[in-house]
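Let me begin by presenting the structure, written as structure tokens, before commenting on it.
Values below: every heavy atom of this structure, side chains too, minus hydrogens, waters and symmetry copies. Lettering of chains follows the sequences in order, A, B, ..., and the numbering in each one begins at 1.
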Amino acid sequence: MSDIVRTRFAPSPTGYLHIGGARTALFNYLLAKRLGGKFVLRIEDTDQARNIEAADAKLLDDLRWLGLEWDEGPQVGGEHGPYYQSQRLELYKEHARKLLDSGQAYYAMETAEELEAMRREARKSQQRGFRYPRPKHFPSEAEARKARDEGRPIVVRFKMPERDFVVHDQILGEVRIGATELSDFVIVKADGWPTYHFAVVIDDAGMRITHVLRGQEHLMNTPNHLALQEALGYPIPNYAHLPIIFNMDGSKMSKREKDKAVRAAVGEALKAGTIDEDRVLELSGCTDADAFQAWRKKKTQLENAGLQALANELRVALPEIEIHDFRVSGYLPEVLLNFIALLGWSPGDDREKFTLPELCEAFSVERIGKTNAKFDREKLLNFNTVALAAADMEHRLSGLRDYLNSNENSSLRDLDNVTLQRLVELCAGMRTFHDIDFKCGAMYVADEQLQYDDAAIKKVLLKGDGAGTAVLKEMRGELETLTDWTASALEELIRGFAERRELKLGKVAQPIRVAVTGSTISPAIFDTLEMIGRERTLRRIDRLLTRVATA
RNA sequence: GCCCCCAUCGUCUAGAGGCCUAGGACACCGGCUUUUCAAGCCGGCGACACGAGUUCGAAUCUCGUUGGGGGCGCCA
């Protein structure tokens, strides 16, 4: 047809969009755009057991949030659809039939247990990887049907040619995989659905994919794909296997990290008695106590909703590993994109800051490296800080809105744009949108729901025979007389007071701050008071004064 | 265990035989600024994993060692 470049991103809907997946998507997107080609999105939902409902919708949403729009795929259509593998089952069946008829594939009927036993035996005696032993006589069509009727699982295996395969990888060069490492792999599962290897080859060909950029964990799969392409008479796309992204400690960036963090927090809270078992069970989203215990024993993982609920309740930060997490934390999508582009790729000079269009222009597969990278959140945080400082107000406001939309329990959710803009201005120097919540959240909760940081009260108000409390009492009187409740008038009043008493500003500002926010952290005290308002400021001070008096 | 991939500051990386007494960025350390938290400004520390070769010359080429990673599924 034409030699236009076509790349694809093919996630399976088993959860949120992962950081590694996002980078794979980005690189495929960039390559297509750089070469004037098309970027295709395909959903690989062939594992009926692991697919998660509505995960695909969230996947698409996060991809769009990042700005990675696809030219063909779900929701946008295209000539080579459908783009869900679950809707292409007939196609796979036809191909399987073809291979079966030509003798390039055959039926096999071992159970999972039998295979497991064979694997164990192979590893013990042969000291090498397991290879499925090709039978001397292949089961006939009739035998296979009979066995299936008797309840045996029937799969189709591909007759792997007995020779070495060479992967011509655009990043790694020529990689030779010996014949002894390869064996007859399954192409159709017992449930009749295709395996990944089978579907990917058929779909890449059908969708005219010319370049496959994927994680290095797929390198050893490539001979399977090459053999299948050969058997089916398909062209071989250009392959490039990307280095893998890890956590700073070298562990895999997997959702397990979130389970680990929450599991630890739950354990602590239960031990300390700050939460009861029923409540935890309810929040976890587990169907019953057994399921919950299995999770606590590290046997299972919780769904994201349960993890998030528990994290919120226990006030622990979830490690950010999926795109969704960074969205919830208040990162700018273009910053995240910019950052992950630099994991495994570099422009060749000292430039680090790129917009998506700039990346499209600068990108090339030749400049992708071979070494695995660690995901450094500190550097990402710095990128975000710099970008936020440079962004115009409109952009920061829309980002803040998106952040609030994904943070249901933020007290800032219902504020109008004028107020939000003021908060953004007051939080100059913020690193993420969460910083606004962190610094200003207390200003907008109901007075009676204000949480107090006991350590702050002790340090600022009680220490030194309650000097801070005395100052606070006096200031309360002064504040009550102020009629012009603006930041500038408040500044004049408070600074004047401090000067008269020969006190450093901090000695006056901190007691007030703790009284009105419950903590030692807020924007400049004058602005903080103005935003809280006269009545609520006085009420909060009174509230704290009684609390301290009875303590 | 077998097969495959990789190897420059703590981290992301620049470097394709002499431009390297190895460059940039983040982090870190010190100082300044400061009503808190951030942010900001100035300065500093810091790496070619190791061992053999090849070469007039090696971070760059070869081999080995060590270390890290991936794969060995009816998961993708």
Does any nucleotide pair with [N] by Watson-Crick or G-U wobble geometry, both distances under 3.5 Å, and what is it?
{"N": "B/C61", "result": "B/G53"}
{"N": "B/C41", "result": "B/G31"}
{"N": "B/A25", "result": "B/U11"}
{"N": "B/A47", "result": "none"}
{"N": "B/G1", "result": "B/C72"}

Using a 4.0 Å heavy-atom cut-off across all strands, classify [X] as base, sugar-phosphate, or nothing.
{"X": "A/Glu378", "answer": "sugar-phosphate"}
{"X": "A/Arg157", "answer": "sugar-phosphate"}
{"X": "A/Arg431", "answer": "sugar-phosphate"}
{"X": "A/Pro243", "answer": "nothing"}
{"X": "A/Gly215", "answer": "nothing"}
{"X": "A/Thr14", "answer": "nothing"}
{"X": "A/Ala10", "answer": "nothing"}
{"X": "A/Lys459", "answer": "nothing"}
{"X": "A/Ala428", "answer": "base"}
{"X": "A/Asn221", "answer": "base"}

Practice task
Give me the residues of residues 109-118 of chain A where at least one heavy atom lies under 4.0 Å from an atom of RNA chain B, by number, or none.
Solution key: A/Glu110, A/Leu115
Exercise for the section: Would you jot down, in residue-number order, the residues of residues 165-187 of chain A having a non-hydrogen atom under 4.0 Å from RNA chain B? Expected result: A/Leu172, A/Val175, A/Arg176, A/Glu181, A/Val186
Between [N] and [M], how far is it from one [atom1] atom to the other, in whole Å?
{"N": "B/G30", "M": "B/G46", "atom1": "C1'", "answer": "15 Å"}
{"N": "B/G31", "M": "B/C48", "atom1": "P", "answer": "29 Å"}
{"N": "B/C74", "M": "B/G15", "atom1": "P", "answer": "42 Å"}
{"N": "B/G67", "M": "B/U21", "atom1": "P", "answer": "32 Å"}
{"N": "B/C72", "M": "B/C45", "atom1": "P", "answer": "47 Å"}
{"N": "B/A7", "M": "B/C63", "atom1": "P", "answer": "13 Å"}
{"N": "B/C61", "M": "B/A14", "atom1": "P", "answer": "14 Å"}
{"N": "B/G68", "M": "B/C12", "atom1": "P", "answer": "16 Å"}

Closer than 4.0 Å, any side-chain N/O of [X] to the OP1 or OP2 of [N]?
{"X": "A/Thr517", "N": "B/U36", "answer": "no"}
{"X": "A/Ser346", "N": "B/A14", "answer": "yes"}
{"X": "A/Arg119", "N": "B/G73", "answer": "yes"}
{"X": "A/Lys379", "N": "B/C12", "answer": "no"}

Problem - A/Tyr132 six-ring face occupied by A/Arg157 cation (under 6.0 Å, within 45°) - result: yes
Practice task
Would you verify whether the NZ or CZ of A/Arg163 falls within 45 degrees of the ring axis of A/Phe165 while also being under 6.0 Å from that six-membered ring's centre?
Solution key: yes
If you only use heavy atoms from C-beta on, which nucleotide in [options] is closest to the side chain of [X]?
{"X": "A/Phe383", "options": "B/C5, B/A38, B/A25", "answer": "B/A25"}
{"X": "A/Phe526", "options": "B/C3, B/G15, B/U35", "answer": "B/U35"}
{"X": "A/His218", "options": "B/A76, B/G23, B/U11", "answer": "B/A76"}
{"X": "A/Lys189", "options": "B/U35, B/A25, B/C75", "answer": "B/C75"}
{"X": "A/Lys439", "options": "B/G70, B/C6, B/C37", "answer": "B/C37"}
{"X": "A/Ser12", "options": "B/C26, B/G70, B/A76", "answer": "B/A76"}
{"X": "A/Arg50", "options": "B/C5, B/C75, B/G24", "answer": "B/C75"}
{"X": "A/Arg367", "options": "B/G23, B/A76, B/A14", "answer": "B/A14"}
{"X": "A/Phe246", "options": "B/G24, B/C26, B/G70", "answer": "B/G70"}
{"X": "A/Gln216", "options": "B/U11, B/C5, B/G71", "answer": "B/C5"}

Exercise for the section: Ignoring hydrogens and angles, tell me if any N or O in the side chain of A/Thr432 forms a donor-acceptor pair with the backbone of A/Ser329 under 3.5 Å. Expected result: yes
Problem - Carboxylate-amine/guanidinium proximity below 4.0 Å for A/Lys507 and A/Glu499 - result: no
Problem - Note: A/Glu478-A/Lys473 ion pair, threshold 4.0 Å (strictly below) - result: no
Exercise for the section: Send over the distance from A/Glu492 CD to B/U35 P, rounded to a whole Å. Expected result: 18 Å
Practice task
Calculate the interatomic distance between A/Gln510 atom CD and B/U34 atom C1'; express it in whole Å.
Solution key: 12 Å
Exercise for the section: Please indicate whether A/Lys353 has more than 12 foreign heavy atoms, meaning atoms of other residues, nucleotides or ligands, lying under 6.0 Å from its NZ. Expected result: yes
Handout entry: Verdict with reasoning, A/Lys189 to A/Phe198, per side-chain contact (heavy atoms from CB on, under 4.5 Å)
Key = CA-CA 10 Å; A/Lys189 302 186 250 187; A/Phe198 198 43; over 6 Å; no
Problem - Any donor-acceptor N or O pair under 3.5 Å, side chains A/Asn221, A/His218 - result: yes
Handout entry: Shortest non-hydrogen contact from A/Pro82 toward A/Met207
Key = O-CE, 3.6 Å
Practice task
Take the angle between the ring planes of A/His197 and A/His225 and call it parallel below 30°, perpendicular above 60°, tilted in between.
Solution key: tilted
